[in-house]
A.B. asks: 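Would you mind keeping the following structure in view while I ask a few things?
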Amino acid sequence: QLQLVESGGGLVQPGGSLRLSCAASGFSLDYSTIGWFRQAPGKEREGVSCISTSEGRTYYAESVKGRFTISRDNAENTVYLQMNRLKPEDTAVYYCAEAPRITTVQSMCDGTGWVDHWGQGTQVTVSS
């Protein structure tokens, strides 16, 4: 069964950190474009950060630049999103998605690229 499984979400105070994981099973992420997306209640889904697992190219939304870092561990078949200096407006359900490597990191994150798989999401809540 081909699937992506996110983990690492939770409740954190403003200024805190979380690391999200996106683990793939049933297929390899070695030659893929992986994206982290989020959706807050009443808002549209937005691309947060994307990475080309074969080339290492990355893309970040302006709202998270300098605070979030996307990385991949091909041996673990996992992509991570390190989130630092979290703000209440980062509260959302975070999803990871996988696309063929022909999909650029920008098109993946701006929603125009083709996506093959979606994870089920993990809740991130930033609140004091």
A.B. asks: Please walk me through it: do Asp73 and Thr78 pass side-chain hydrogen bond (donor to acceptor under 3.5 Å, both in side chains)?
C.D. replies: CA-CA 5 Å; Asp73 185 333; Thr78 300; over 6 Å; no
A.B. asks: With distance as the sole test, does Arg101 use its side chain to make a donor-acceptor pair with the main-chain N or O of Tyr31 at under 3.5 Å?
C.D. replies: no
A.B. asks: Here's one to test your reading of the geometry: is the NZ or CZ of Arg19 within 45 degrees of the ring axis of Tyr80 and under 6.0 Å from its centre?
C.D. replies: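 Because its charged atom sits under 6.0 Å from the ring centre and within 45° of the axis, Arg19 does stack over Tyr80.
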A.B. asks: Return yes if some donor-acceptor pair links the side-chain N/O of Thr53 with the main-chain N/O of Thr33 below 3.5 Å, else return no.
C.D. replies: no
A.B. asks: Quick one: closest heavy-atom pair of Gly113 and Thr103, and the distance?
C.D. replies: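 Scanning both residues, the minimum pair turns out to be CA-CG2, 3.9 Å.
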A.B. asks: Looking only at non-hydrogen atoms, find the nearest pair between Cys50 and Met108 and report the distance.
C.D. replies: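 Of all heavy-atom pairs spanning Cys50 and Met108, the closest is SG-CG, 3.5 Å.
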A.B. asks: Should Tyr59 and Ile34 be counted in the same cluster of Ile, Leu, Val, Met, Phe, Trp and Tyr side chains packed under 4.5 Å apart?
C.D. replies: no
A.B. asks: Between Arg85 and Ser17, which heavy-atom pair has the shortest distance, and what is it?
C.D. replies: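 Looks like N-OG, 4.3 Å.
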A.B. asks: In sequence, state the C-alpha distance, the side-chain angles, and the governing distance for Phe27 and His117, and then conclude on side chain to side chain contact (heavy atoms under 4.5 Å, CB included).
C.D. replies: CA-CA 11 Å; Phe27 65 103; His117 303 100; 3.9 Å; yes
A.B. asks: In terms of ring plane angle, is the pair Phe68 and Tyr94 parallel, tilted or perpendicular, where the classes change at 30° and 60°?
C.D. replies: tilted
A.B. asks: Could you tell me whether the side chain of Ser7 reaches within less than 4.5 Å of the side chain of Thr122, counting heavy atoms only?
C.D. replies: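 Of all side-chain heavy-atom pairs linking Ser7 with Thr122, none is under 4.5 Å.
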A.B. asks: Kindly compute the distance separating CD (Gln13) from OG (Ser128), expressed to the nearest 0.5 Å.
C.D. replies: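 So the CD of Gln13 and the OG of Ser128 are separated by 7.0 Å.
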A.B. asks: Among Thr91, Leu18, Leu11, exactly one meets side chain to side chain contact (heavy atoms under 4.5 Å, CB included) together with Val124. Which residue is that?
C.D. replies: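 Exactly one pass, corresponding to Leu18.
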A.B. asks: Just wondering, do Pro88 and Pro14 contact through their side chains at under 4.5 Å, heavy atoms?
C.D. replies: yes
A.B. asks: Do Gln120 and Gln3 touch side chain to side chain, with heavy atoms closer than 4.5 Å?
C.D. replies: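 A side-chain contact under 4.5 Å is absent here.
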A.B. asks: List the steps, then state whether side chain to side chain contact (heavy atoms under 4.5 Å, CB included) holds for Ser63 with Arg38.
C.D. replies: CA-CA 12 Å; Ser63 58; Arg38 66 187 180 187; 3.4 Å; yes
A.B. asks: Is Gln39 reaching over with its side chain to a backbone N or O of Lys43, donor-acceptor style, under 3.5 angstrom?
C.D. replies: yes
A.B. asks: Given the rule in the side chain to side chain contact (heavy atoms under 4.5 Å, CB included) test, do Glu6 and Trp36 qualify, once you have shown the distances and angles that lead to the verdict?
C.D. replies: CA-CA 10 Å; Glu6 302 96 334; Trp36 282 100; 3.8 Å; yes
A.B. asks: Is there a side-chain contact between Leu4 and Glu98, using heavy atoms and a 4.5 Å cut-off?
C.D. replies: yes
A.B. asks: State, to 0.1 Å, how close Ser49 and Cys109 come at their nearest heavy-atom pair, and which atoms those are.
C.D. replies: C-SG, 3.3 Å
A.B. asks: Could you report the tightest heavy-atom contact between Ala61 and Gly47, atom names first, then the distance?
C.D. replies: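 Scanning both residues, the minimum pair turns out to be CB-O, 3.5 Å.
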A.B. asks: Examine Val48 and Ile51 and state if one hydrophobic cluster contains both, with Ile, Leu, Val, Met, Phe, Trp and Tyr joined whenever side-chain heavy atoms are less than 4.5 Å apart.
C.D. replies: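 Cluster IDs for Val48 and Ile51 match.
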A.B. asks: If you group Ile, Leu, Val, Met, Phe, Trp and Tyr by side-chain heavy-atom gaps below 4.5 Å, do Val93 and Phe37 land in one group?
C.D. replies: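 Same cluster: Val93 reaches Phe37 through Ile, Leu, Val, Met, Phe, Trp or Tyr contacts under 4.5 Å.
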A.B. asks: Indicate if Val12 and Leu81 have the same hydrophobic cluster label, given that clusters are the connected sets of ILVMFWY residues with side-chain heavy-atom separations under 4.5 angstrom.
C.D. replies: yes
A.B. asks: Would you say Val64 and Leu20 are hydrophobically clustered, going by side-chain heavy atoms of ILVMFWY under 4.5 Å?
C.D. replies: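 Same hydrophobic cluster.
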A.B. asks: Looking at Asn77, is its backbone amide N or carbonyl O close enough to the side chain of Asn74 to form a donor-acceptor pair, meaning the two atoms are under 3.5 Å apart?
C.D. replies: no
A.B. asks: Given 3.5 Å as the limit, does a donor-acceptor pair link the side chain of Arg57 with the main chain of Ser52, or not?
C.D. replies: no
